[in-house]
Amino acid sequence: MTPDFQELAIVANELRGDVLRMLQLAGSGHPGGSLGMTDVFTTLWFGGHLKVDPQNPTWEDRDRFVLSNGHICPILYAILARQDYFPREELWTLRKLGSSLQGHPDFHFTKGVDCCTGSLGNGVSVALGMAMGARAQGKNFRVYAGTSDGESQEGQVWEMASAAAHHKVDNLTLLMDRNGIQIDGFTKDVMDQGDLGAKYKSFGWHVQEVDGHDMMAIHQALNEAKKASGKPQLIVCNTVLGKGVSFMENEPGWHGVTPDEEQLKKALDELGLD
Amino acid sequence: MTVTQTSGEVATREAYGKTLAALGGERQDIIVLDADLSGSTKTANFKKLYPDRFFNMGVSECNMIGTASGLASTGLTVFASSFSMFAVGKAFEQVRQEIALPVANVKICGTHAGITVGEDGASHQTLEDIAIMRVLPNMRVFVPADARETEQVIRAVAASPGPAYVRLSRMKTPQFLPDDYNFEIGKINTLRDGADITIAATGTTVMHALAAADALASKGISARILNVCSIKPLDTETLVKAARETGAIVTVEEHQRAGGMGSAVAEVVAEHAACPVRRLGMNDRFGESGSGGQLMDHFGLTAPAISGAALELLGHAS
Ligand SMILES: Cc1ncc(C[n+]2csc(CCOP(=O)(O)OP(=O)(O)O)c2C)c(N)n1
Ligand SMILES: [Mg+2]
């Protein structure tokens, strides 16, 4: 089924607004990657790709979603709220004492979160295990995991990549945020990554590369990934950190700094929201 | 250059960054490694002045620790930094095999330790680092209480060959130790004398212990306050004396109760001068998001909880 891309674009725009609002109220957190991956995750969650049931978040046959670059959880939380896992009002409590929305994903607190993440490198291995668990039990759910270029500097990611290919885990799809930015600056300056897609390919993965803001391309890539047989799949999503807010776009400083009230207003203005 | 005393609050990680930059000018053998957190750990101060002796290893803590060991083996003094969670948590096995076992001259300076990292939540709140570092042979463990002590600790470990772990905080805290304060490896500083009970604190909890002593004093109880910055080596003499002279000890730290500074104190006391020891810390649970200050209150690591524990230990009904 082909999604209504105009409708998806409206959803993505509103999710960006929620991300910015919740981060302004929280006073700490990570807008850059959250805004950058909004179009990819919107296509995954609202484009009919994920088999989940918000009324039954722990349904054992659901597709799993692991956010291995856990710091960009504001976009996940905004999505989960819009999918009715919990009321939207909870978004405004992000990172506060007693909130159901922790600084990094934690399923003890948040419905719809499948994996506790925050330490880079770990989540992709857990995602691999989930995918292997499905196969070991003859289940046919798929596992999607968000990862990033910065995270790909962790050795564990490459241990996962070898294992997933060796064991032919073809119900695992990684969505990599390739924005060329990490905390200390541009990735090419901090520690150059080279061609990440080519590296995964050499490990035996099915690799696609898309414009991470072209929802039709993302949708097609997700469909292609499902068809790949005998290989785990990577979709390298070329994104712009802070996408949608002019003063944040491609600025490493916005990796983990939140907008103040005035900046929030300006950002919402640009998105045509109030 | 010395860290200047200001009336404002300073995080120990900031004092670390300043001291490291100063040391870089004094000693050519100092090399600094970071893992994509140089702005947060404040090693960026050093990088700005001595870019040839700074290496950003990317988000690769295990490789950073191994590399630090190799660099040290060539005669260099290496400071390796990340958030404490990742420098000692993720890379624990590399720390054990390549720093502690070969007695490498590497100083692991882990920032954003403990519950006071705050909003980032459980995944980032290292509450086990004192325990896992102090059980390693050859490893020394220091937790400075304010900016002044941090500068002294960093200078001391730089001057003393061999492995060391320095636990540093994200949260800004008052600079409260006196001008003539003097840190020494293996020595506990008695910040206030007292006869009725001893309160042993470390890092961010030291100032709360002092406030608890004030509250106790108003009830006629005189509390001795020990600043246990040097958790390993541990000052047995001062602890045994305190146990004998006050007969009761409360310990407090933003760390699991199991295995931390309180456990180290209890081990010494149990062997040499048994007296009741009440350990305050995280009670076998993970933390959660919130501001650092709120969480310290929430988990009972500030003055009211400390004085309450002291009163209870002394048999005063609350
Ligand atoms: C193991 C580990 N080391 C360090 C960190 C701190 N950290 C959080 S995000 C980040 C940068 C990661 O790069 P990337 O995901 O590409 O960042 P973004 O594109 O979202 O700016 C780092 C080093 C962490 N969370 N986990
Ligand atoms: Mg990135």
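Chain naming here is simple, since letters A, B, ... match the order of the sequence lines and numbering starts at 1 in each.
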Residue [X] excluded, over 12 heavy atoms near [atom1] under 6.0 Å:
| X | atom1 | answer |
| --- | --- | --- |
| A:Lys96 | NZ | yes |
| A:Asp192 | CG | yes |
| A:Phe86 | CZ | yes |
| A:Arg62 | CZ | yes |

**Asked** If you count heavy-atom pairs under 4.5 Å between each of A:Glu151, A:Gln193, A:Gln182, A:Met191 and chain B, which one has the most?
**Response**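 When all of A:Glu151, A:Gln193, A:Gln182, A:Met191 are compared, A:Gln182 has the most.
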**Prompt:** Measuring heavy-atom distances to chain B, does A:Thr187 have an atom under 4.5 Å in its side chain, in its backbone, in both, or in neither?
**Reply:**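 Neither part; nothing is under 4.5 Å.
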**Prompt:** Considering only heavy atoms, which portion of A:Ser119 lies under 4.5 Å from any heavy atom of chain B: side chain, backbone, both, or neither?
**Reply:**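 Contact with chain B: backbone and side chain both.
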Who among [options] has the most heavy-atom pairs with chain A under 4.5 Å?
| options | value |
| --- | --- |
| B:Asp36, B:Asp34, B:Asn56 | B:Asp36 |
| B:Ser291, B:Gly89, B:Gly290, B:Ala35 | B:Gly290 |
| B:Ser40, B:Ser38, B:Gly121 | B:Ser38 |

**Message:** To check you understand the geometry: which heavy-atom pair defines the closest contact between B:Ser123 and A:Gly118, and what is its length?
**Reply:**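 Looks like OG-CA, 3.9 Å.
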**Prompt:** Considering all heavy atoms of both residues, which atom of A:Asp184 and which atom of B:Leu37 are nearest to each other, and what is their separation?
**Reply:**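 Closest approach of A:Asp184 to B:Leu37, heavy atoms only: OD2-N, 3.2 Å.
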Just how far is it from atom [atom1] of [X] to atom [atom2] of [Y], taken to the nearest 0.5 Å?
| X | Y | atom1 | atom2 | answer |
| --- | --- | --- | --- | --- |
| B:Lys90 | A:Gln156 | NZ | CD | 5.0 Å |
| B:Met64 | A:Gln153 | CE | CD | 12.5 Å |
| B:Glu61 | A:Leu120 | CD | CG | 7.5 Å |

**Asked** Hey, does the side chain of B:Asp120 reach the backbone of A:Gly103 with a donor-acceptor pair shorter than 3.5 angstrom?
**Response**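 Not at all, since once roles are kept as given, no pair shorter than 3.5 Å links the two residues.
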**Prompt:** Within the side chain of A:Gln102, is there an N or O that forms a donor-acceptor pair under 3.5 Å with the backbone of B:Ser289?
**Reply:**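 Checked: pair present.
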**B:Asn63 portion near chain A, given a 4.5 angstrom heavy-atom threshold** =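 Nothing of B:Asn63, per the 4.5 Å heavy-atom cut-off to chain A.
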